Each structure stands twice: as C-alpha cells, then as structure tokens.
Trainee: 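Shown below is the structure under consideration.
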Amino acid sequence: MRFAISFLVKCLFFRSLLVFLLLTLPIGAATLQAAEEKKAAQPPMSFILVRSFLCQENCPEWISAEGRITSDTPARLRKILKKIGDRKLPVVFRSEGGDVDAAYAMGRMIRKAGLETAVGGTQLKDCPVEDTRCQAAIAKDGTAVGDTYSAGAYCFSACPLAFAGGTSRVASQWAFIGVHQITTVYNKVRVSYRIEYKIVNGKKKEISRKEVGRKVAGQSSSTKLGKKATAALTAYLKEMGVSQDVIGLMMGATPDSINIVAPADAVRMGLATDVLAYNERPGMPLCAPDAMAEAICHGHPVAEAPVPAKATVSQAPVQDAAADTSETLPRTRPMDFLVMYHGNCQEECTQWISADGDITPDTPARLEAILNTLGERKLPVVLQSNGGDMDAAFAMGRMVRAAGLETSIGRTQLPNCPKLDPRCIASIAKSGPTEGEVFAGRAYCLSTCTVVLTSGTPRIVGYSAIGLVRPAAAEYTKFFAYFDEMGVRAETYEMMMLATSIEQGNILRSQALDLGIINGIIPYGEEPGSHVCGPDAKESLRCPRNQKAEIVPAAALAN
C-alpha cells in the first residue's frame with residue numbers, strides 16, 4: 001500500500017498532525033454473480049401478476065418473474081409479495097440468472113411466504129410472439145391476463161437458487177434447469193482518508209478520520225469457491241432441502257457453459273419436487289389431496305377405484321364388478337369409437353364421436369365401421385390419444401378429411417363409471433348413442449394423434465394438450481407429403497422439430513394455429529363436440545340446426 005502524508009504543525013500546548021491516507025483495498029465490494037450478468041442479454045427481472053384467460057371461473061393466477069436477477073431484484077419481489085398479501089400464488093421463473101446473493105434472498109422470501117415455484121414463460125394476451133410481456137398488455141396496477149408455456153423456458157445459473165425456495169418446485173420435460181460455477185467478482189477500490197492526529201509529549205494519537213475520496217482501481221474474478229462462499233451455498237441448499245450433489249453439477253461447468261439438470265435428476269436431488277405432466281402448465285397450483293378431476297392444478301391425486309361391498313356373486317351388482325376390475329386396467333388400450341350424446345334428445349342434445357386410446361394398425365378399420373353406421377351424418381370426432389402407429393394415423397386422417405368431419409381434443413366420461421375406467425363397458429349403450437359428457441380440460445392428443453387432428457374441417461381445440469412427433473428419417477417423405485395434403489405448413493413444422501432434441505413434445509395453441517395443425521379454438525363456455533345437434537333434437541336457442549364451431553383467427557390468439 002502506498003501512503004501520501006502531509007504534516008501541519010500547530011505551536012500550541014500540543015501539536016496536531018493532519019494525514020491524507022490513500023489505501024488500495026483488494027476487496028472494496030465482493031459480489032457473486034452469474035456469467036450471464038456480464039452479457040446482460042436479459043433486462044433486469046420484473047414481476048407481473050397474471051391471471052389465466054383460458055377459463056371462466058376459479059382461474060389460476062401466478063407471479064411471472066422474468067429477466068436477469070440483480071442486486072435490487074429482492075426489493076422488487078418484496079413489493080409484489082406485499083401486494084398479494086396472504087394469497088399463495090406460484091412464482092413462474094424464466095431467467096438466465098444473475099446475482100447469487102440476491103437469489104438467496106429471493107428463495108428465502110418465497111419459502112417464508114409459502115409460495116410454489118415453476119419454470120415457465122408467460123405469454124400475455126394480445127402480445128406479439130417476439131414480445132410476450134409487452135407493456136400494452138399490463139394494466140396500471142401491474143396485473144395482466146395471459147397463459148404460460150414450458151417449451152423452451154429456462155432457469156439458469158443463479159435462477160435455480162431462487163427457484164429452490166418454492167414449497168413445491170416443478171418444471172416440465174420441455175423446460176430447462178441449468179447450473180454452472182459461481183463467479184466471484186472482486187472490485188479493487190482506492191479510498192482516500194483525511195486523518196487528524198495530535199501529538200502530546202512526543203506520542204501520536206488519532207482524533208478523527210474522514211473519507212474524502214473513492215475510486216475504482218481495477219477488477220478481478222475467480223470461479224474458486226472460498227470458504228465463506230462455500231459455507232453460504234451449503235447452508236442455503238440444506239435450508240431449502242436440496243441435495244449437496246447440486247454443488248458438484250455446478251462446479252462441473254465453467255461460467256461460459258451450462259450443465260442442464262435432467263428432470264429425473266432434479267427431482268432426485270430435491271431441486272424440483274415433481275415434473276409437470278403433458279397436460280399441466282407452469283403456474284398451476286399444487287392440487288389439494290381431495291381435488292376434483294376438473295380442478296385446474298398440477299399433481300392430481302390418483303383416483304382409487306371404489307371397493308365393492310362384500311356380497312355373494314348372485315347379490316353383487318353389475319357396476320361393482322366393473323369397478324372392481326378397474327384397479328387392474330392397463331394405462332393404455334387400443335383406440336375405440338363411441339357415438340355419444342349429451343342432453344335430452346327429444347328437445348336438444350349434442351352428439352359426437354369419441355375416439356379414445358392408442359392408434360394401432362387395425363384402428364382405421366374400426367373408424368371406417370363407425371363412419372359407415374353414420375352414413376351422411378357429420379358428427380365431430382373428439383380425440384384423446386397418446387398416439388401410435390403412424391401409417392394407421394395417415395389412413396385415419398384421410399378418412400376423416402374425405403368425410404368432411406370436424407376434429408377436436410377432449411376426454412369423454414360416461415355416467416356411473418369409475419375415474420380409472422371413464423368409459424366402462426357397463427355404461428356403453430348396446431344400441432344407438434351412449435350418454436356421457438366431454439371435457440377439454442386435461443385432455444390430450446399427442447404424437448401421431450396430431451396427424452389425425454390435422455385432417456379435420458375444421459380442427460379446433462380448447463384447454464387441451466397438443467403433441468408433436470418427430471418422424472424417422474425413412475418416414476420424412478410421406479410424413480410431409482401428408483402434411484401438405486392437409487394444408488399444414490410442413491417446412492415450419494420440420495424446422496421446429498429439428499430445433500429440439502426430443503422425439504416428441506407439446507406446443508402452444510398459438511404455435512398450432514401458426515403451423516395449421518388447428519385452425520380455430522373452442523369458444524368459452526363450450527366443450528369439444530358440443531355444438532352439433534342430434535337428428536331428433538328440436539331447434540332451440542342452445543341447439544340451432546345450423547350452428548357451427550367458432551373459428552378464431554390466429555392473430556386473435558396470443559397463446
């Protein structure tokens with residue numbers, strides 16, 4: 001250290017000494033930050049209270065947290081938490097990381113407030129794709145309406161530390177959690193002091209010290225965790241219930257790279273508590289143990305099949321037998337088709353074709369049989385399937401297009417059936433349509449099911465999951481020829497699939513509209529297949545003879 005000293009001697013009963021001291025401090029301010037903070041690719045994190053616009057009642061709400069974590073981010077979070085009061089709203093993160101100390105503070109605030117966290121992006125209503133959180137969609141009070149998405153969302157670097165604060169921590173297999181080494185940045189600061197001494201009887205004694213200047217004298221950084229930083233990280237992970245294995249993953253990636261934590265590993269280490277299912281979205285709260293099947297939440301409890309009362313074989317009712325066998329039903333089964341109705345067909349009722357199950361090589365023959373029984377009647381085809389045989393899907397799609405039928409996604413529930421077997425044999429009519437209900441919520445059309453979905457005229461969806469499938473190299477020619485035939489933008493679809501490392505994944509409704517996979521959405525207040533009347537129904541306000549599905553242009557749908 002260099003010292004510059006000037007003396008001033010006063011001839012009184014004592015001598016006074018004024019000293020100007022310049023000190024170069026090795027650590028004027030030490031901060032822990034992510035490497036991305038240097039790049040500043042994202043703006044500082046902001047928080048928006050968002051309400052889902054995909055429902056009418058009891059709609060999920062969440063705190064959208066997107067941007068780079070800076071030293072003042074905890075203060076912004078504290079402000080939004082004060083605003084929501086005792087409400088337990090999930091915090092949905094999309095961030096490249098930032099200041100580690102700030103992330104610690106955020107995680108502790110979230111845990112103290114008892115909030116859940118998720119990895120996901122937020123698309124506000126009427127915002128363009130390139131600006132998903134546009135200012136025009138945010139009200140003056142900081143609230144907005146929108147939807148969340150998982151595909152491509154990320155929580156990197158310091159973000160997982162804030163994410164770890166959630167009482168429930170979830171991400172889907174199509175979102176990314178990534179960690180890497182912590183960079184400690186040391187700022188060298190030169191500080192100038194004015195020090196006054198007095199000398200009495202030849203001895204010097206300091207009587208005052210005042211800082212008169214401060215100047216940055218350089219900066220250095222290190223990725224080696226010192227004892228203090230290691231202790232802070234270890235204590236924080238233990239506090240949040242996260243395994244110390246995370247530290248090994250962090251130290252295994254340089255600040256310029258990232259270690260993506262696989263969903264199974266994230267759950268194993270406690271960084272996440274669960275993986276979102278294909279039909280669950282970030283921002284959904286954790287389901288209560290007694291949540292209804294229709295509740296909009298994640299982690300629905302597994303329904304238990306009713307246990308039949310003890311009785312002799314002759315006394316046991318038929319339905320009890322059906323419920324008893326449902327405990328051993330396979331999770332998937334070949335697709336079957338039912339002509340369904342809902343309502344009083346003497347006055348007003350809607351009808352549809354329920355297509356539920358895996359697509360197998362003989363599925364097209366089953367579809368052809370059901371279409372032959374209908375003749376010229378054009379009932380909507382309501383799909384729910386994990387997919388299956390691609391050639392069979394091609395054949396089904398061409399049959400649906402030739403018949404000029406509508407397609408949509410929905411799950412069908414027959415009355416008096418257990419939840420594990422929603423279309424139990426006991427409730428299927430022996431002749432004519434079967435009574436039941438259909439719902440868009442928690443329904444899905446994944447993998448090759450989407451191939452069939454694209455054949456509808458129109459093809460519409462509600463709050464359901466739409467899946468993609470990556471064709472094998474040998475299938476490319478016929479795959480994209482089929483898409484061209486159905487009016488789907490095959491080139492855009494191909495680019496989307498090549499940009500991912502997974503064989504299949506789900507997409508947003510806005511993306512499905514843009515690609516042409518669907519060409520409309522189901523209006524609020526309606527369910528799949530709920531607008532085509534049965535042949536015996538009288539004309540009424542609810543069931544006009546010529547009512548058609550509403551087609552919403554892609555430009556009108558943000559998500």
Side-chain angles (χ1 to χ4, degrees), residues 27 29-37 44-45 47 63 65 67-78 80-81 88 90-119 154-171 176-186 221-255 258-263 265-274:
I27 306 178
T31 59
L32 300 178
Q33 64 182 21
E36 289 86 2
E37 186 173 359
M45 181 172 284
F47 301 93
I63 301 171
R68 183 167 40 90
I69 299 173
T70 64
S71 58
D72 61 350
T73 303
R76 295 182 182 181
L77 176 59
R78 187 177 295 108
I80 203 81
L81 295 183
K88 305 295 184 183
V91 182
V92 180
F93 282 106
R94 180 175 174 270
S95 172
E96 63 184 13
D99 189 289
V100 171
D101 287 330
Y104 289 155
M106 293 169 65
R108 289 187 170 106
M109 291 164 62
I110 290 170
R111 181 62 61 87
K112 184 177 180 180
L115 305 185
E116 302 171 29
T117 55
V119 178
Y154 53 87
C155 181
F156 289 160
S157 189
C159 176
L161 297 175
F163 169 78
T167 54
S168 164
R169 308 176 286 281
V170 294
F176 302 98
I177 298 176
V179 296
H180 63 183
Q181 291 174 346
I182 294 176
T183 300
T184 306
V185 178
Y186 300 95
S221 63
S222 174
T223 58
K224 292 183 179 180
L225 282 180
K227 290 183 179 180
K228 186 176 180 181
T230 300
L233 177 59
T234 301
Y236 179 80
L237 293 177
K238 183 178 181 181
E239 181 182 344
M240 298 301 157
V242 179
S243 169
Q244 302 298 310
D245 292 347
V246 171
I247 299 178
L249 279 178
M250 294 172 68
M251 300 309 294
T254 65
I258 200 83
N259 264 340
I260 300 299
V261 185
D265 290 336
V267 174
R268 177 181 58 81
M269 293 186 292
L271 189 57
T273 56
D274 200 2

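We use all heavy atoms of the structure for the numbers below, so side chains are in, but hydrogens, waters and symmetry mates are not. Keep in mind that what you see is a predicted model, and the values were worked out from it rather than measured.
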Trainee: With side chain to side chain contact (heavy atoms under 4.5 Å, CB included) as the criterion, how do Leu81 and Ile63 come out once you've worked through the C-alpha distance, each side chain's angles and the decisive distance to 0.1 Å?
Mentor: CA-CA 9 Å; Leu81 295 183; Ile63 301 171; 4.2 Å; yes
Trainee: So, do Thr273 and Val170 sit near enough that their side-chain heavy atoms are less than 4.5 Å apart?
Mentor: yes
Trainee: Identify the heavy atoms of Val179 and Pro160 that sit nearest to each other, and give their distance.
Mentor: CG1-CG, 4.0 Å
Trainee: Taking salt bridge (charged side-chain N to carboxylate O under 4.0 Å, His left out) as the definition, give me every residue that meets it alongside Asp245, ordered by chain and number, with sequence neighbours left out.
Mentor: Arg268
Trainee: Under 4.5 Å between any side-chain heavy atoms of Glu96 and Cys159, yes or no?
Mentor: no
Trainee: Ala162 and Ile110: which non-hydrogen atoms are nearest, and at how many Å?
Mentor: O-CD1, 3.9 Å
Trainee: With under 30° as parallel and over 60° as perpendicular, where do the rings of Phe93 and Phe163 fit, or are they tilted in between?
Mentor: perpendicular
Trainee: Answer whether the closest heavy-atom distance between the side chains of Ile260 and Phe156 falls below 4.5 Å.
Mentor: yes
Trainee: How far apart are the closest heavy atoms of Val261 and Ala266, and which atoms are they?
Mentor: CG1-N, 3.6 Å
Trainee: Please report the closest heavy-atom contact between Pro74 and Ala102, naming both atoms and the distance.
Mentor: CG-O, 3.6 Å
Trainee: Suppose we screen for salt bridge (charged side-chain N to carboxylate O under 4.0 Å, His left out). Which residues come up paired with Arg169, at least two apart in sequence or across chains?
Mentor: none
Trainee: Apply salt bridge (charged side-chain N to carboxylate O under 4.0 Å, His left out) to Arg108 and list each qualifying residue two or more places apart in sequence or on a separate chain.
Mentor: Glu239
Trainee: Listed by chain and number, what are the ring pair (Phe, Tyr, Trp, His ring centres under 6.0 Å) partners of Phe47, not counting sequence neighbours?
Mentor: none
Trainee: What's the spacing between Leu77 CG and Met106 CE if we round to 0.5 Å?
Mentor: 5.5 Å
Trainee: Are the side chain of Gln181 and the backbone of Met250 linked by a donor-acceptor contact shorter than 3.5 Å?
Mentor: no
Trainee: Heavy-atom distance under 4.5 Å between the side chains of Leu115 and Lys88, does that happen here?
Mentor: yes
Trainee: Is the backbone of Leu249 close enough, under 3.5 Å, to the side chain of Asn259 for a donor and an acceptor to pair up by distance?
Mentor: yes
Trainee: Tyr154: which residues meet the side chain to side chain donor-acceptor pair (under 3.5 Å) condition with it, sequence neighbours left out?
Mentor: Gln42
Trainee: Quick check for you: to the nearest 0.5 Å, what is the distance between Thr234 atom OG1 and Gln244 atom CD?
Mentor: 5.0 Å
Trainee: Does Thr73 have any side chain to side chain donor-acceptor pair (under 3.5 Å) partners at least two apart in sequence or in another chain, and if so, which?
Mentor: Thr70
Trainee: Considering all heavy atoms of both residues, which atom of Ser71 and which atom of Asp99 are nearest to each other, and what is their separation?
Mentor: N-CB, 4.3 Å
Trainee: Taking only residues two or more places apart in sequence, or in another chain, which ones meet Pro263 in a side-chain contact (heavy atoms from CB on, under 4.5 Å)?
Mentor: Gln173, Val275
Trainee: Measure the spacing between CG of Leu271 and CG of Leu161 and express it to the nearest 0.5 Å.
Mentor: 8.5 Å
Trainee: Indicate the atoms forming the closest heavy-atom contact of Arg68 with Gly98, along with that distance.
Mentor: CG-CA, 4.5 Å
Trainee: Please enumerate all residues that pass salt bridge (charged side-chain N to carboxylate O under 4.0 Å, His left out) together with Arg111, with sequence neighbours excluded.
Mentor: none
Trainee: Is a side-chain donor or acceptor of Ser95 paired with a backbone partner of Cys155 at a separation under 3.5 angstrom?
Mentor: no
Trainee: Just to verify, what does Thr254 make a side chain to side chain donor-acceptor pair (under 3.5 Å) with, not counting sequence neighbours?
Mentor: Ser257
